[in-house]
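Read the structure below first, then the notes.
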Amino acid sequence: MNPASTPPALQAVDHIHIHVTDRPKAERWYREVLGFTRVPELERWTADHGPLTLRNAGGTIHLALFERPAQPSRTTIAMRVTAPDFLAWRTHLAQALGRPMQAEDHEVSWSLYFVDPDGNPYEITSYEYEDLRSRLQA
């Protein structure tokens, strides 16, 4: 690798590959828990074991669901939110997942951790630390 070389610019993260054991079940979970829906213009990729692409309401986050045998995942997907949305997510996830969500204090940010039915780890995080600290202590 040439240390003097500067890589070209990257525009954004396009999508993240997620391995699931049951794609229809996973699609329901991602819709109900995270609000992700199919990307109609990419549905043709689902043929021949290709990905089922989902997106958030704003179209800023895309997940590509691949049906594969169960396997451990070491990559956590973290999504950033505002302080009010963090609190809304904490309430929503507690209801959707059927358990209280403990906010983790990272001293500069707050995070909520959870997994999908296949064990893929997720994090909702906010850097509006002081605002959340006062709201969480109340």
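In this chain, residues are counted from 1 in sequence order.
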*side chain to side chain contact (heavy atoms under 4.5 Å, CB included) evaluation trace for F36 with L65*: CA-CA 11 Å; F36 281 74; L65 302 184; over 6 Å; no

*Output, in order, the C-alpha distance, side-chain angles, deciding distance and verdict of side chain to side chain contact (heavy atoms under 4.5 Å, CB included) for N120 and V20.*
CA-CA 8 Å; N120 294 302; V20 300; 4.3 Å; yes

_Derivation of the side chain to side chain contact (heavy atoms under 4.5 Å, CB included) call for L52 and W45_ = CA-CA 7 Å; L52 170 60; W45 284 347; over 6 Å; no

*For E67 and H49, what are the C-alpha separation, side-chain angles and deciding distance, and is it a side chain to side chain contact (heavy atoms under 4.5 Å, CB included)?*
CA-CA 7 Å; E67 196 163 275; H49 306 290; 5.9 Å; no

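Rounded to the nearest 0.5 Å, atoms CZ (R38) and CD (E27) are 4.0 Å apart. One distance of note links CG of L87 with CG of L136; it measures 5.5 Å at 0.5 Å rounding. Distance OH/Y122 to OG/S111: 15.5 Å, rounded to 0.5 Å. Of the inter-residue distances, the one linking L63 atom CG with T53 atom OG1 reads 9.0 Å to the nearest 0.5 angstrom. To the nearest 0.5 angstrom, L54 atom CG is 12.0 Å from I16 atom CD1. For the atom pair CE (M101) and OG1 (T91), the distance works out to 10.5 Å, reported to the nearest 0.5 Å.
Shown here is E32, whose CD atom has more than 12 heavy atoms of other residues, nucleotides or ligands within 6.0 Å. Counted within 6.0 Å of CZ on F66, heavy atoms from surrounding residues, nucleotides or ligands total more than 12; the atom is thus considered enclosed. No more than 12 heavy atoms of other residues, nucleotides or ligands shown are found within 6.0 angstrom of CZ on R80.
Clustering ILVMFWY residues whenever any of their side-chain heavy atoms sit less than 4.5 angstrom apart, transitively, puts V39 in a cluster other than the one holding W29. Side-chain heavy atoms closer than 4.5 Å link hydrophobic residues (I, L, V, M, F, W, Y) into clusters, and following such links, even through other members, never connects Y113 to Y127. L112 and V108 end up in different hydrophobic clusters when Ile, Leu, Val, Met, Phe, Trp and Tyr side chains are linked at under 4.5 Å.
Of all heavy-atom pairs spanning K25 and P117, the tightest one is CE-CB, 4.3 Å. Of all non-hydrogen atoms in N56 and I61, the two that sit nearest each other are OD1-N, 2.8 Å. The shortest heavy-atom contact between I124 and F114 is CG1-CE2, 3.7 Å. Closest non-hydrogen pair, A94 versus P100, comes out as CB-CA, 4.2 Å. Nearest heavy-atom pair, T21 versus P69, reported as atom, atom and distance to 0.1 Å: CG2-C, 4.1 Å. In this structure, H62 and D14 approach most closely via the heavy-atom pair CB-O, 3.3 Å.
By the side-chain contact (heavy atoms from CB on, under 4.5 Å) test, Y129 pairs with D105, W110, R133, sequence neighbours left out. For R55, the salt bridge (Lys or Arg N to Asp or Glu O under 4.0 Å) partners two or more places apart in sequence, or in a different chain, are E41. By the salt bridge (Lys or Arg N to Asp or Glu O under 4.0 Å) test, R135 pairs with D131, sequence neighbours left out.
With contacts defined as side-chain heavy-atom distances shorter than 4.5 Å, the pair E128/T82 qualifies. The shortest side-chain heavy-atom distance between I18 and D116 falls under the 4.5 Å cut-off. Two residues are said to be in side-chain contact when any heavy atoms from C-beta on lie closer than 4.5 Å; T37 and Y30 fail this criterion.
Taking the six-membered ring for Trp and the full ring otherwise, H19 and H17 have centroids separated by 6.0 Å or more.
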